[in-house]
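So the structure is just underneath, and the comments pick up after that.
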Amino acid sequence: MTSAARYFWVFLATSGVLIGSILALNLLLGERALGGPESTRQASEWQQQRQGVTYAPPITASRRFKALRLADRLPEIDTLVFGSSTAWGIASEAIPSGYRMYNFATTGNPLASIIGEAQYLLERHPGHFRLMVIPLEWAIGSLFDTVSASTADLSPQAALATTGNIESITLWRKINDALAYPKVVNLFRTIRSIARSANPGVAVSIFLAPAGPEYQCTDGALARDFDVVNQGKCVGFRYDGSWSFGGEKRLSPEQAAVLARAAAAPSSKFSRSLCSTEGEPNPEYLQALAAISRQLAGEKGQALFIMPPLVPGFEVAMTRDAPGRECLVRTKAALQQWAVLTQVVVIDAGRSEHYGCAPSEFIDEHHAYPECYRRILDRFFQSLQEGLVKPGLFQP
């Protein structure tokens, strides 16, 4: 065999070993990233025992994790926060100490689903809830959806039976994903972090164990990663159900101004959502929410509605052009009329700057950090205590 041929075969074998190792390791990581009922159960049990920060992969299926957590936390709580990821910033510190809260907001959860969740819980646990906080989101269009309110099953059995689309992912697709450039780069970063860790033997368990080792967040909270995406970043849900915001970016005033202008453009997803029904909320949703409020009131509880905070300048920019202004005015007028008729309060937090929220308290146009929500709810509950709150839209 010539030296050139020998070199070729050595090169081919070395490449095969390298590619095979990359494929095998990324397939292992990929299986963990897909999650499933067992991963969800383990993550929920760990949080119940250790009260730390975690979530079950994939984050897009957070409802099944939250359903298990709610089942465990239900005997201890009397206050529930519903919503999508825009409500993840509502932490227990934002609610007066007399309330015992759990944040049940889940990824991409529309108002149609929220109504079904609230109805399910009121039906099965009458008289249990002192307060339900329900977001009314116009910015992402949830308030204007045309689908009927859905029924819900939040039982642990239903949560563990839900596996999403995991079974439909073919082996060929998994292989393609494992050899994709971003996944290969992430693998080498993972290997490098293992090599640099204080205990590589423990760190390498990321490939084999159902979760990484426990570690401390910078604020002293305990964390454990059941996903491979955010290893060591303290990313996940806290014991009260709120999001940890580990490693999330914060906007500068300049970035916020750019996002606000772009969000208000007629072609933006926010403008299209707002004007999809000319700003008229779905009347079926309002009727269902009124019924939920009446049931709670009959059980000596209360429904509190909130239009989530938007990055400073967002609403001002939206009202500069006639179409957006007319749609938003129509939305708020409809909610004002409905709230007065239903005898409920809707916290209008869209102009978050009126509550003292800063651009640095936002990740993007409509995801606010806990400190912004704390300012808003502190202002509301203080006004409530002073007797300054009446049915309708609440604004500072």
Between [X] and [Y], is there a side-chain N and carboxylate O pair less than 4.0 Å apart?
X      : Y      : value
Arg41  : Glu45  : yes
Arg374 : Glu371 : no
Lys233 : Asp227 : no

Residue pairs passing the side-chain hydrogen bond (donor to acceptor under 3.5 Å, both in side chains) test where at least one lies in residues 135-148, sequence neighbours excluded = Ser84-Glu137, Thr86-Glu137

Qualifying side-chain hydrogen bond (donor to acceptor under 3.5 Å, both in side chains) pairs with a residue from residues 271-288, counting only residues at least two apart or across chains | Ser268-Ser271

Qualifying salt bridge (Lys or Arg N to Asp or Glu O under 4.0 Å) pairs, either residue in [range], two or more places apart:
range            : answer
residues 106-122 : Arg63-Glu117
residues 375-386 : Glu361-Arg375
residues 83-102  : Asp78-Arg100
residues 48-60   : Arg50-Glu214

Among all residues two or more places apart in sequence or in another chain, which pass the side-chain hydrogen bond (donor to acceptor under 3.5 Å, both in side chains) test with Glu254?
-> Ser252

Report the residues that fulfil side-chain hydrogen bond (donor to acceptor under 3.5 Å, both in side chains) with Asp348, sequence neighbours left out, ordered by chain and then residue number.
-> Lys332, Gln395

Any sub-3.5 Å donor-acceptor pair from Thr40's side-chain atoms to Phe65's backbone N or O?
-> no

Check: Asp72 side chain, Ser44 main-chain N or O, donor-acceptor pair, under 3.5 Å = no

For Phe380, enumerate each residue passing the ring pair (Phe, Tyr, Trp, His ring centres under 6.0 Å) test, keeping only those at least two apart in sequence or located in another chain.
-> Phe394

With sequence neighbours excluded, residues passing ring pair (Phe, Tyr, Trp, His ring centres under 6.0 Å) with Phe270 | Phe314, His366

Donor-acceptor pair between Gln47 and Arg69 side chains, under 3.5 angstrom = yes

What pairs meet the ring pair (Phe, Tyr, Trp, His ring centres under 6.0 Å) rule with one or both residues in residues 88-135, with sequence neighbours excluded?
-> Trp88-Phe237, Trp88-Trp243

The complete set of ring pair (Phe, Tyr, Trp, His ring centres under 6.0 Å) pairs with one or both residues in residues 332-363, sequence neighbours excluded, reads Phe305-Trp338

Determine, step by step, whether Thr107 and Ser62 satisfy the side chain to side chain donor-acceptor pair (under 3.5 Å) criterion, reporting the C-alpha distance in whole Å, the side-chain angles of both residues, the deciding distance to 0.1 Å, and the verdict.
-> CA-CA 6 Å; Thr107 315; Ser62 59; 2.7 Å; yes

